[in-house]
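Counting starts at 1 for both ligands and their atoms, following the listed order. Counting from 1, the numbers follow the sequence of the chain as shown.
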Amino acid sequence: MNLDQLNDVAIAMAAPGKGILAADESTGTIKKRFDSIGVESTEETRRDYREMLFRTEEAMTNHISGVILYDETIRQKAADGAPLVKLIEAAGSIPGIKVDKGAMPLAGAEGESVTEGLDGLRERLAEYYDLGARFAKWRAVIDIDAGDIPSGYCISVNAHALARYAALCQEANIVPIVEPEVLMDGAHDIDRCYDVTEFTLKSLFDELYAQDVPLEGVVLKPNMVIAGKKCPAQASVEEVAEMTVRCFRAAVPAAVPSIVFLSGGQSDEEATAHLNAMNEGYADQMPWALSFSYGRALQAAPLKAWGGKAANVPAGQKAFAHRARMNGLAQLGQWSKEMEAA
Ligand code: 13P
């Protein structure tokens with residue numbers, strides 16, 4: 001393991017004004033996204049769509065530090081035969097790869113899941129490194145409901161798997177993005193999200209310590225502390241920012257170089273406003289760089305503008321460049337709502 005190299009990549013992923021494009025939707029998930037715009041999901045349409053994003057020079061060069069890819073995409077070539085990975089590198093952005101195999105039902109814990117994919121991971125990481133990946137992603141899913149969910153058992157097995165994945169990544173000189181996502185789907189209030197997120201993060205960092213994973217070579221991808229979508233009492237932007245930073249200060253060691261949020265179902269503008277409020281109001285209280293690793297909050301607008309038509313590629317690229325610029329400003333704490341219209 002070359003920890004200096006890992007640390008350099010981890011820092012670069014949340015460089016000033018930059019963050020990550022999560023374009024690692026599995027074949028099933030991208031099909032759902034394409035269904036929403038009435039486009040058939042084929043190897044070619046998936047390639048065309050992602051090529052459009054990776055060729056958006058303004059976004060990629062100025063605001064996208066890295067791109068998380070899916071197994072199919074890291075091997076795919078653009079229409080002119082250039083590997084998609086090369087397009088990303090040419091823009092000065094870092095290719096990354098999703099390596100988990102998804103959240104599966106957790107035995108003995110109805111309604112909960114554990115993320116699988118550790119078998120054969122060492123070999124897969126070596127291949128991904130050769131294909132150009134310098135970071136990876138593993139997502140654990142923690143649901144909240146009115147009963148006993150999440151259980152300590154669910155959080156513990158997911159934290160253990162995240163740490164095992166992280167150790168294997170570092171051995172392969174790949175920076176592990178550790179993503180323990182506490183879902184925002186339920187009716188829980190923001191206080192409950194705070195408690196579950198704090199417990200989850202503390203469990204995760206205990207496991208990373210127990211498994212000898214140096215935090216200087218890790219990137220954390222968390223949810224924000226936010227009320228569930230179905231909760232009647234929605235928190236203000238200021239409350240989300242204050243509670244998220246407070247939770248991280250309690251649970252995330254200062255040795256972690258970068259924290260990059262998932263958007264998790266927030267609207268584009270909410271995801272930007274929340275990130276901005278944290279960087280604008282709390283920069284002097286945070287030992288880590290705070291940025292974005294958004295999937296839906298970066299892609300919803302370009303996906304719609306594109307609509308599967310080659311003639312709409314410039315419109316799709318314009319929409320992507322705009323969202324990337326807005327989030328780049330939020331990383332600096334310099335975004336305002338008025339800039340959305342500009
Ligand atoms: P969203 O930003 O759409 O939540 O996706 C980010 C991601 O990579 C989830 O694993």
Side-chain angles (χ1 to χ4, degrees), residues 13-14 19-37 49-50 53 59 63-74 93-104 113-117 133 135-144 158 161-162 165-166 175-186 193 197 200 204 219-226 228-229 240 244 258-275 290-304 319-320 323-324 326-328 330-331:
M13 285 161 69
I20 296 170
L21 167 64
D24 60 322
E25 298 84 2
S26 63
T27 309
T29 301
I30 196 76
K31 181 179 179 315
K32 276 193 235 153
R33 305 275 187 267
F34 279 19
D35 284 348
S36 75
I37 54 164
Y49 170 64
R50 287 166 170 152
L53 298 177
H63 306 299
I64 302 299
S65 57
V67 182
I68 317 176
L69 302 167
Y70 185 59
D71 182 76
E72 174 184 87
T73 322
I74 201 170
S93 191
I94 308 170
I97 181 76
K98 182 228 292 290
V99 300
D100 68 67
K101 298 236 164 143
M104 307 297 171
S113 67
V114 62
T115 299
E116 296 188 354
F135 67 93
K137 178 188 116 172
W138 179 290
R139 171 174 176 259
V141 181
I142 312 294
D143 206 354
I144 300 182
N158 275 295
L162 275 162
Y165 141 83
V175 172
I177 295 186
V178 290
E179 179 179 3
E181 176 174 3
V182 176
L183 296 179
M184 60 180 285
D185 293 343
C193 180
T197 302
T200 300
L204 172 62
V219 169
L220 174 67
K221 177 161 174 169
N223 52 284
M224 295 180 191
V225 174
I226 195 167
K229 267 193 214 155
V240 170
T244 303
S258 303
I259 300 179
V260 293
F261 287 109
L262 58 96
S263 59
Q266 299 179 44
S267 74
D268 301 359
E269 212 174 300
E270 275 167 359
T272 304
H274 288 144
L275 176 64
L290 204 62
S291 192
F292 57 90
S293 175
Y294 293 158
R296 283 162 287 179
L298 274 171
Q299 292 189 57
L303 183 71
K304 202 162 158 228
F320 176 44
R323 271 301 8 112
M326 293 299 104
N327 286 306
Q331 199 288 321

Taking atom 9 (C) of ligand 1 as the reference point, the nearest protein heavy atom with its distance: Glu179 OE2, 3.2 Å
Enumerated ligand 1 atoms positioned under 4.0 Å from heavy atoms of Tyr294: 2 (O)
Per-residue contact class, Arg296 against ligand 1 - non-hydrogen pairs under 4.0 Å: both
Over 12 foreign heavy atoms within 6.0 Å of NZ, Lys229: yes
Ligand 1 versus Ala22: contacting region, heavy-atom distance under 4.0 Å: side chain
Ligand 1 contact by Gly264, heavy-atom criterion under 4.0 angstrom: yes
For atom 5 (O) of ligand 1, the protein heavy atom that lies nearest, with its residue and separation: Gly295 N, 3.6 Å
For atom 2 (O) of ligand 1, the protein heavy atom that lies nearest, with its residue and separation: Ser263 OG, 2.5 Å
Minimum heavy-atom distance between Lys101 and Met104, given as atom pair plus value: O-CE, 3.0 Å
Test item, Ser293 contacting ligand 1 (heavy atom, 4.0 angstrom): yes
Tyr294 side chain to Gln266 side chain, donor-acceptor N/O pair below 3.5 angstrom: no
Considering all heavy atoms, the nearest Leu262-Glu181 contact: CD1-OE2, 3.5 Å
Taking every non-hydrogen atom, the tightest pair across Leu275 and Met224: N-CE, 4.2 Å
Which atom of Trp138 lies closest to which atom of Asp100, heavy atoms considered: CA-OD2, 3.4 Å
Residues Glu179 and Lys98 bridged, charged N to O under 4.0 Å: no
Heavy-atom gap Lys221 to ligand 1 smaller than 4.0 Å: yes
Option nearest atom 10 (O) of ligand 1 (shortest heavy-atom distance, choices Lys137, Lys98, Arg33, Glu181): Lys137
